[in-house]
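To start, the structure under review is shown below, and the notes come after it.
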Amino acid sequence: MSRFLFNRPQKSTQYLVSIISIVLVVAVGYTTYDFIGYQIIAFALLVTVSVLAMFYDIIPVLLSAFLSALLWDFLFIPPRYTFSVGSTQDRIMLVTYFIIALVNGVLTYKIRQVEKEARDKEEKANAVKFYNTLLNSLSHELRTPITTIIGASDNLQSENEKFSEENKTQLVHEISRAALRLNEQVENLLNMSRIESGLLKPKKDWCDVNEIIYAALKLAAINLRHHKVNVHIPENFPLFQLDFVWMEQALFNLVNNAGLYTPENTVISIKATTREDKLIITISDNGKGFPDNEINKVFDKFYRLQGAKSGGTGLGLSIVKGFVEAHDGIVWVENSVLGGARFTIEIPAKHSYPKLTEK
């Protein structure tokens, strides 16, 4: 709505619409003059001028105010079809109408201008805040793996005789982990830019939910190595029309977060079910869960829990939300009564069975 209010059409269009609007109201008033009287017609014209002032520049609004006063005088105020005004009361009413129409139009226009300036100021402030948050996050999250890669590469190239084969293998391992971390951060940024562009649509095809889940677990294997992972999927589970890559990324972000931010030996459970024509996937753990005062913020961009260990840009869960909503689905998180957190994804999707019920 605000975009419609502030993105005004061309001047020629504004003049044309203003004149047509006044003429239409006058035409309706002319046909109903005997029933409603010229005072009600004046009120209708004032409302029309006010509405035009909400959308158009000041000159077309002033034109509509002047035109409405002129037509009201000529067509409706006794004696009709003349610019002369019979009674002193009607003369005062005409002057008052003209003043009110002008003042009302100008004030409405000015209010809209003030609102626009406030909105622009707020957008600039948000843009600066977004930029600073992004810069602060990337300055650490991208610099750290890059520094690791450069340092380990320099050590390998130095051909230091003190380095054993085990030392060299360890350096290669550090380069690999840093490269994977760097790739993950870049992918998160690219995915968020794709989501916010609003131009990309999911490329849906028949997908095996088992395959998506285990592909996500394979990607997160490094951070899940100290956790127990249970997968519960009914036999003969139907195929669903989904974007495989997006859903794999969404599930990876969820299980990878669980691996990173829950204590070792935490049990992570993944369950897929169906209800009516919806796919439901839950990822739960028996860790510490989320603080009650922060749980509603976990899907916000760049938001990281207070006291969370370093690592990550705070985009992972925002991407989950974006990819799920691109499927017309919803995702939410809640703390389990028995402890830990539970993420639930619910997506309406075409399936390979004629009728589905929760299993």
Result block: side-chain N/O donor-acceptor pairs under 3.5 angstrom for residues 212-225, not counting sequence neighbours:
residue : atom : partner : partner atom : Å
Asn223  : ND2  : Asn256  : OD1          : 2.7
Arg225  : NH1  : Ile222  : O            : 2.2

Validation: residues 42-55 side-chain donor-acceptor distances under 3.5 Å, sequence neighbours left out:
residue : atom : partner : partner atom : Å
Thr48   : OG1  : Ala44   : O            : 2.9
Ser50   : OG   : Leu46   : O            : 3.0
Ser50   : OG   : Asn104  : ND2          : 2.1

Would you list the atom pairs, donor with acceptor, under 3.5 Å between side chains in residues 23-39 and any protein atom, with sequence neighbours excluded?
residue : atom : partner : partner atom : Å
Tyr30   : OH   : Tyr81   : OH           : 2.8
Thr31   : OG1  : Ala27   : O            : 3.4
Thr31   : OG1  : Val28   : O            : 2.8
Thr32   : OG1  : Val28   : O            : 2.8
Tyr33   : OH   : Phe76   : O            : 3.2
Tyr38   : OH   : Asp90   : OD1          : 2.7
Tyr38   : OH   : Asp90   : OD2          : 3.4

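When the salt bridge (Lys or Arg N to Asp or Glu O under 4.0 Å) test is applied to Asp205, no partner is found at least two apart in sequence or on another chain. With sequence neighbours left out, the side chain to side chain contact (heavy atoms under 4.5 Å, CB included) criterion links Thr88 to Arg91, Ile92. Partners of Glu211 according to the salt bridge (Lys or Arg N to Asp or Glu O under 4.0 Å) rule, which considers only residues two or more places apart in sequence or in another chain, do not exist here. Taking the side-chain hydrogen bond (donor to acceptor under 3.5 Å, both in side chains) definition, one finds that His227 meets it with Thr262, sequence neighbours left out. The side-chain hydrogen bond (donor to acceptor under 3.5 Å, both in side chains) check on Ser64 picks up nothing, with sequence neighbours excluded. Every residue meeting the side-chain hydrogen bond (donor to acceptor under 3.5 Å, both in side chains) condition with Asp120, not counting sequence neighbours, appears here in chain and number order: Lys116. Shown here are the side-chain hydrogen bond (donor to acceptor under 3.5 Å, both in side chains) partners of Ser12, two or more places apart in sequence or in another chain: there are none.
Members clustered with Trp332: Ile330, by chain and number, using a 4.5 Å side-chain heavy-atom cutoff among hydrophobic residues.
Sorted by first and then second residue, the salt bridge (Lys or Arg N to Asp or Glu O under 4.0 Å) pairs with a member in residues 324-334 read Lys321-Glu325, Glu334-Arg342; sequence neighbours excluded.
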